[in-house]
Number of protein chains: 4
Amino acid sequence: MVRSVDSPLQTAKAWSRSRRGKQPSDGDARTRILDAAEELFAGGGYEATPTARIAELAGVPKGLVFHYFPRKIDVLISLVDERTVVVEEEVEEEAEAVPGDAVGALSRLARRLPLRASPAMRRILFREADTHLSVRERLSRLNAEIIRRARFALELALPGGRGDAARLEAAAATFAAVLLYQESICLLTGHHIDPDAVAELIAHALH
Amino acid sequence: MVRSVDSPLQTAKAWSRSRRGKQPSDGDARTRILDAAEELFAGGGYEATPTARIAELAGVPKGLVFHYFPRKIDVLISLVDERTVVVEEEVEEEAEAVPGDAVGALSRLARRLPLRASPAMRRILFREADTHLSVRERLSRLNAEIIRRARFALELALPGGRGDAARLEAAAATFAAVLLYQESICLLTGHHIDPDAVAELIAHALH
Amino acid sequence: MVRSVDSPLQTAKAWSRSRRGKQPSDGDARTRILDAAEELFAGGGYEATPTARIAELAGVPKGLVFHYFPRKIDVLISLVDERTVVVEEEVEEEAEAVPGDAVGALSRLARRLPLRASPAMRRILFREADTHLSVRERLSRLNAEIIRRARFALELALPGGRGDAARLEAAAATFAAVLLYQESICLLTGHHIDPDAVAELIAHALH
Amino acid sequence: MVRSVDSPLQTAKAWSRSRRGKQPSDGDARTRILDAAEELFAGGGYEATPTARIAELAGVPKGLVFHYFPRKIDVLISLVDERTVVVEEEVEEEAEAVPGDAVGALSRLARRLPLRASPAMRRILFREADTHLSVRERLSRLNAEIIRRARFALELALPGGRGDAARLEAAAATFAAVLLYQESICLLTGHHIDPDAVAELIAHALH
DNA sequence: TATGAATGAGCTTTCATTCAT
DNA sequence: GATGAATGAAAGCTCATTCAT
């Protein structure tokens, strides 16, 4: 089953609608500031976005941005804190796992990343990761969680310990790398990678 | 044969030495400016690096930077133009290919990316790709070339057309993704991926 | 008799305790605002103290400061108005005067300045005097009163009109200058002046 | 006898003329910036003076102020460093000293403070002393030097060890206090103190 | 009386870029 | 080519003050 809310394939617009169900400039001032920052940071990058433009897009006076976020960097930090959630435990995963169905397990993971974040927030997560510590930490945890889940899915789906641990580890890391960067690489190079095909490939590699 | 010059594993220092065989502040002014910019752009990002700091690190007066590079962006463009070379044709590759040895072929590709660039330049290539067109184009060509080579290596090593074309394509793209992003992901998350293990995994997936 | 309350030698803490007999953050909001302002103005100066910090230290919301004091300058004015009292008439002074004891009279004046103000308020009085008219006026009156008293003490203690009027005037002004600035100069340069020694010096000069 | 150049009585205008012999807006940009800052800091205080007004009065663009003085405080520091000189040794003083003529010695000290600074710089020295360390240090050294000289003058003029050391110390400190603060107190309270009268008073006290 | 979000002018500072020498 | 003073637009940020509640 595909749930669109957290599919990485859904559009920014769709995310907005499904999460807030309102017009873009709705909500209180603080929310509108974060909305604006999210859009601008995703579009042009943190450094290249003046706070004045955030205020302008949010429809609030410049000073109000600093009322809520004393320093510009606090906007980014709050954005990451409040709008990216790495889901680190999910009991249902085991329930859904079907022994032997490694492809299905990975495919499900690809469709339902343990990340609650808009497409815009994902771009911010990657783009600003190497400049800002708090962003990097979040990304780091996401990466670890995806690897953990991929490993779990593969272990469950491939009982009997076929394949050594090292190969399983490489498989999990590879799948995480592809998932994390497919959006970026597609955006940058226009080359699309189908996670399902990779899932099948990896599953096949481990039999 | 392993050539260390373009190995992704070599250090920034080693690159510097092997390429220039000089002290860091050697060379003419233009070269020193590019050296400084390379280091600073890689470290803090293009936007966050003032031209004055480039001049300072290069040991040249501020005005000289603009003598060689009329606009700041020209420093980045020149850097990418002159210090990242995507090697798009290499006759020897076929010569080295051993039919049946897919792992060896991919492993060789990992060690010898079709990219002549310092580690610093690689970071710049990824970091600034979504902001600056010229950088993005270079990255795009690099990605395409790696996929092309990975596909070629796999086709050659796995004769007989075993495995369908789609799976082969997924394998090539996966390998390219891992190669391209392993440095970034390691830098960001601390998680290291061994290209050889991935090569073996993929080769095994295609038999 | 020595009364410690207005001795220039008493500490800020002692003043606080003796005057209010309460915890620092006691009292109604208006009082706490003035307390906070007194401390901050004395420490960093009027201009360098934001009203927000006054409110914060006072433990009241920012808006309340402006409820009691419509403009920031009104805090300073109220402080000077309410917390510096230049005592311009004191009948007992004559009673205590002992003809012939000029040193004792001056010494008593030094210990009991005709000023009811905390050490913090004294600093404010000097520091802000040349910027704010109301402060300057208060300081001016204090200076005049000290001179008047010193002159009176010397006249009374040195009967017979020995010494001409000009010298007596210079003596009074000198004593006032030393008294008024000894705190400042000690604070600024670390050099301490003993008012008693100066009293003796001056008395001796006039025989 | 040396007169007007360093007399505390000379006007700001006269100082300007005698020191530079030019129009106010002469000199290079850096000098004009310091000129403007000197005038404005003396008039309204450091905190209350925006750098933009300094630039405006100096007739230079705002950015140039920060070209020469990276932070606003550096303008004040440079001003104190370059435009207040505490003269800590002067051989002639002994030559001029006439044993027995204590009044003359003190009077000469009053007229020729061991301070090379315009009246404006003197005000800055006092006004900003308790906020800025570098200013306070300069003032502290000036105070110490005046005391040293006053003590020296009195010792020389009053041979024979008449009067104990403590009284002599008090006398020196008193004279220094009056000299240092007469300008301030005059400015603030309008009350003028004649240093000569104080000199005579003190000399008389020590016979 | 009490509150804190809202406001915008103005602050210090940064910086790419120009240009006379 | 080489230099660093000069320039001004724009950045991040501060802050007194207002005002609806």
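None of these values were measured; they are calculated from a predicted model. Lettering follows sequence order; numbering is per chain, from 1.
- Annotated stems with DNA chain E as a participant read E:2-21 with F:2-21, given as range with range, by first number; only runs of 3 or more Watson-Crick or G-U pairs under 3.5 Å qualify.
- Note: CD1 (Ile33(D)) to P (dT7(F)) measures 10 Å, nearest angstrom.
- To the nearest angstrom, P of dT3(F) lies 6 Å from CG of Leu64(B).
- If you check every strand for non-hydrogen atoms under 4.0 Å, Phe69(B) touches nothing.
- Nearest heavy-atom pair across Ile124(C) and Ala42(C) is CG1-N, 3.7 Å.
- Between the NE2 atom of His67(A) and the C1' atom of dA16(F) there is a distance of 14 Å, rounded to whole Å.
- Counting 5' to 3', DNA chain E first comes under 4.0 angstrom of a heavy atom of chain C and last does so at the ends given by dT1(E) to dA6(E).
- Between the Arg138(B) side chain and the Val80(B) main chain, a donor and an acceptor come within less than 3.5 Å of each other.
- Among the atoms of the strands shown, none is found under 4.0 Å from any heavy atom of Ala29(C).
- Both Thr51(D) and Ala52(B) lie near DNA chain E, and the one whose nearest nucleotide falls closer to the 5' end is Thr51(D).
- Between Pro50(A) and Val60(D), the one whose closest nucleotide on DNA chain F sits nearer the 5' end is Val60(D).
- Rounded to an integer number of Å, the gap from Tyr46(A) OH to dA11(F) P is 14 Å.
- Atoms CD1 (Ile54(A)) and C1' (dC13(F)) sit 13 Å apart, rounded to a whole Å.
- Under the 3.5 Å distance criterion, the side-chain polar atoms of Glu128(D) are matched with a main-chain donor or acceptor of Tyr46(D).
- Remark: side-chain polar atoms of Arg123(B) are not paired, donor with acceptor, to backbone N or O of Gly43(B) under 3.5 angstrom.
- Residues Ala36(A) and Ile54(A) share a closest heavy-atom pair of CB-O, 3.5 Å.
- With hydrogens and angles left out, the side-chain atoms of Asp28(C) and Thr31(C) include a donor and acceptor closer than 3.5 Å.
- The shortest heavy-atom contact between Ala29(B) and Val60(B) is CB-CG1, 4.1 Å.
- Map Gly63(B) and Ala48(B) each onto its nearest nucleotide of DNA chain E; the residue landing nearer the 5' end is Ala48(B).
- The shortest distance between the side-chain N/O atoms of Lys62(D) and the OP1/OP2 oxygens of dG8(F) is not below 4.0 Å.
- Rounding to whole angstrom units, CD1 of residue Ile73(A) and P of dG12(F) are separated by 11 Å.
- The nearest pair of heavy atoms linking Leu34(C) to Glu82(C) is CD1-OE1, 3.5 Å.
- If you measure from atom CZ of Arg30(B) to atom C1' of dA2(F), you get 16 Å, rounded to the nearest angstrom.
- For Arg136(D) (side chain) and Ala129(D) (main-chain N/O), a donor-acceptor pair under 3.5 Å exists by modelled atom type.
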